[in-house]
Amino acid sequence: MNQVSIVDRCDLNIKSNNSSHHTELFGDERLIVRRGQPFSITLQLSSASKDINVTDTSLTFIVETGPLPRKESDTKVVFHLQESTVETEWSASATKDPSGNLLTVSINSSPNAPIGVYSLTLDQSGHKINVGNFILLFNAWSTRDTVYLKSESKRLEYVLSQHGQIFRGTYKRIKGTPWNFGQFEPGVLDISLKILDDNPKFVSDADKDISSRRDPVYVTRVLSAMINSNDDRGVLVGEWDEFSGGTHPALWTGSREILQQWAKSGPVRYGQCWVFASVACTVCRAFGIPCRVVTNFGSAHDTNANLVIENLYDENGERIYGGDSVWNFHVWVDCWMSRPDLGKEFDGWQACDPTPQETSDGVFCCGPASLRAVKEGEMTRKYDTPFVFAEVNADVVDMVRLSTGDFVKFSGSTTSVGRFISTKAVGSNDRHDITHQYKFAEGSEEERRVYERAQHHNKLQKRGEEPGLHLKIKLADNMLVGSSFEVYAVLKNNCMAARTCTFLFFARAVGYNGKLGDSCGFSSDKVEVPSGEEKRLYLKLDYNIYRSAITSDRLIQLSALTVDKETMDYRKAEKTIVLDEPDINIKLLGEATVNQPVMAELILLNPLPEPLQDCSFTIEGIGLTGDKPQTAKVGTVGSKQEATARVELKPSVAGSTVLLVNFDSDRLKNIKSFINVVVKE
């Protein structure tokens, strides 16, 4: 005999649940909750079941996730109604309204449950009712969750904030670039879950992969592999040279368009480190993992794991290329979580790097590496601590190859790697320096102790400045892109006798990853420097020469070298300059009000001594520009003339947001700016 249903209707109370779980920004179309925290559903009882007892053990709930839910994997859990919920496990309790028509059920999820899409089923003695589906996320507000973050202001920044600043340039000229993470934008969470479902570990063993999604260590490691596409059909294709057939990495202003493009047609061309990191941050925040984007200035790429970056030169000062390099800057993410696999002392921020540099366990991924392990030189602590340690701590050695084939060290640095490690400050767009979280102060006893312990097989010691020849580079005051200017190197002789040497001064275009490009200028001289005196060597950087050599990073590396072949004394000084860029002036021509169009005026002055072709402004703002960025084409703009455009915005949500603007042209790229916008009701 068929059993009569006890429930006429189910209400997931989406709006109130999402609000209490800090997921209301996802919208109110479906239930999205955070684990380890109760949510409520309302059951309208049928007339035949109004006398049901709220502790009736015949009422059972079933939650399931993944393609093959199993109790053994905790991807299927069955639990009964009881007097009260239990904070540490899936559980349910209920209350009835005075009329007896409505049963309000409080369901508590396990703080250790796998994240993902769940189905919720009510079972009364074998009669099953599909209550509905919901998405379960990590919970930085729950003390029992492994991603618990105590500070509310930090939770607002690292989980809920949809806007960020990515710091780029050189350690002497750091500039913040705005980015829209947009983790709450329509479709982003679904695409983020698809990234997990497309990862090779899911394909090879779906049951194990789904069950492992309880652990943020596992999830972030999967993401560090899947945000790049080197081993799979991950999100982004990395490219540092040739950008035909895709979007130049400098043109992206947010993550949503990249994720949408990937979901539609596979790996997106192209990304570089700040794009990989920003997309990873979006996905982590969507999942509820606290995440911040981090920039390391002077970032070492140590290919042979000896913690030394070796710069090799021939006797004439020409660079001999090896595998090691020092990037002007490199960007990755830190994710906040506990590390029960390592021990409580390694809880907290963990470095994860989705940019494909080296393989880890045979896959292009990196991390999560505990910042505590990195700082203390705990090289055996997984994952990839030695690689991250080298990125912020490696020593640099300059060596010359003699005609005999032998290499001789002539200079080096123990302080040029791992400078001004930066992230966006909590609650503002300011730069927050977190170098101290990665390493002890340069030159301190602790810093050398950690380095020498980490590099137990390498005897390189810190060297101070020696008496003799000293070399340094001086820059011009005005180095705006499009201008020509002069720099000079100063050679001072602190020896007791005069010195004669060859004085070389090179300028070459360089990418942010340290890869050298074409020459931008060269000068040389044979000089005799009397004791106690100095000589200068000037080098003019002419726009007509460097215009075709520089990349969109607008970086030029200056290298001065002196060679005294009689004494085999080599000296080197090096600086990387960032050419200043023009400003974009952004102005709203009216008040921003919900559902009322408002114009944004954009102006940029062309600083080049030649016209700009194919000029355009692209704008993006959450709640301002709809589903995708808007582009206003300007065409040709003459030398010293203004590129101007007006774009209509359509504010859809009240509150604070950010309008990002990117200017692009044939000769001037990667020019970005932003304004804060307050939209009124």
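Just so we're clear, the structure is a prediction, and the values are computed from it rather than from any experiment.
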Residue pair L491, H470: steps toward the side-chain contact (heavy atoms from CB on, under 4.5 Å) verdict: CA-CA 6 Å; L491 176 62; H470 295 288; over 6 Å; no

Test item: [X] side-chain N/O and [Y] main-chain N/O as donor-acceptor pair under 3.5 Å:
| X | Y | value |
| --- | --- | --- |
| T657 | I622 | yes |
| T435 | I421 | yes |
| T423 | H432 | no |
| D664 | S616 | no |
| S444 | F440 | no |
| E239 | E242 | yes |
| K640 | P607 | yes |
| D553 | L555 | no |

So, [X] and [Y]: side-chain donor and acceptor under 3.5 Å apart, yes or no?
| X | Y | answer |
| --- | --- | --- |
| D353 | H330 | yes |
| D241 | Y270 | no |
| S278 | S255 | no |
| W349 | S370 | no |
| H301 | E358 | yes |
| S519 | R508 | no |
| S665 | D614 | no |
| T355 | Q357 | no |
| K587 | N585 | no |
| R256 | N180 | no |
| E574 | S559 | yes |

Y570 and F410 aromatic ring geometry - parallel, tilted or perpendicular at 30°/60° bounds: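 Because their plane-to-plane angle lies in the 30° to 60° range, the rings of F410 and Y570 count as tilted.
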
Aromatic plane relationship, F506 with F522 - under 30° parallel, 30 to 60° tilted, over 60° perpendicular: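 It falls in the tilted class, 30° to 60°.
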
Full working for side-chain contact (heavy atoms from CB on, under 4.5 Å) between S673 and I586: CA-CA 8 Å; S673 189; I586 310 168; 4.0 Å; yes

So, do [X] and [Y] sit near enough that their side-chain heavy atoms are less than 4.5 Å apart?
| X | Y | result |
| --- | --- | --- |
| W179 | W252 | yes |
| V294 | V333 | no |
| S325 | K515 | no |

Distance check, rounded to the nearest 0.5 Å: [X] atom [atom1] versus [Y] atom [atom2]?
| X | Y | atom1 | atom2 | answer |
| --- | --- | --- | --- | --- |
| N513 | N328 | CG | CG | 8.5 Å |
| R571 | D564 | CZ | CG | 10.0 Å |
| E391 | W327 | CD | CH2 | 8.5 Å |
| L561 | Y313 | CG | OH | 7.5 Å |
| E620 | L660 | CD | CG | 6.5 Å |
| S548 | R667 | OG | CZ | 6.5 Å |

Within the 6.0 Å centroid threshold, strictly below: [X] and [Y]:
| X | Y | value |
| --- | --- | --- |
| W274 | Y512 | yes |
| F297 | F420 | no |
| W336 | Y158 | no |

With the threshold set at 4.0 Å, does a side-chain nitrogen-carboxylate oxygen contact exist between [X] and [Y]?
| X | Y | result |
| --- | --- | --- |
| K535 | D525 | no |
| E442 | R419 | no |
| R292 | D334 | yes |
| E581 | K672 | no |

CA sep, side-chain torsions, deciding dist, call: D302, I309, side-chain contact (heavy atoms from CB on, under 4.5 Å): CA-CA 6 Å; D302 180 20; I309 304 301; 4.1 Å; yes

Passing candidate, side-chain contact (heavy atoms from CB on, under 4.5 Å) with D384, options S224, S360, C352: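 Single side-chain contact (heavy atoms from CB on, under 4.5 Å) partner of D384 among S224, S360, C352: S360.
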
R547 atom CZ: more than 12 heavy-atom contacts under 6.0 Å: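 For R547, atom CZ is crowded (more than 12 foreign heavy atoms under 6.0 Å).
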
Residue pair V293, K424: steps toward the side-chain contact (heavy atoms from CB on, under 4.5 Å) verdict: CA-CA 8 Å; V293 178; K424 178 184 175 296; over 6 Å; no

R285 charged N/C atom sitting above F181 aromatic ring, 6.0 Å / 45°: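 Judged by the rule (NZ or CZ under 6.0 Å from the ring centre, within 45° of its axis), R285 counts as positioned above F181.
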
Six-ring centre of F329, R168 cation under 6.0 angstrom, axis tolerance 45°: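 Relative to the ring axis of F329, which defines the angle, R168 lies outside at least one limit.
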
In a table with atom names and distances, give each donor-acceptor pair under 3.5 Å that connects a side chain of residues 471-485 to protein atoms at least two apart or in another chain.
{"from": "N478", "atom 1": "OD1", "to": "L480", "atom 2": "N", "distance (Å)": "3.3"}
{"from": "S483", "atom 1": "OG", "to": "L480", "atom 2": "O", "distance (Å)": "2.6"}
{"from": "S484", "atom 1": "OG", "to": "Y543", "atom 2": "N", "distance (Å)": "3.0"}

Working for salt bridge (Lys or Arg N to Asp or Glu O under 4.0 Å), residues K409 and D398: CA-CA 6 Å; K409 174 185 172 183; D398 298 316; over 6 Å; no

Worked verdict on D580 versus R554 for salt bridge (Lys or Arg N to Asp or Glu O under 4.0 Å): CA-CA 8 Å; D580 294 328; R554 293 184 293 282; over 6 Å; no

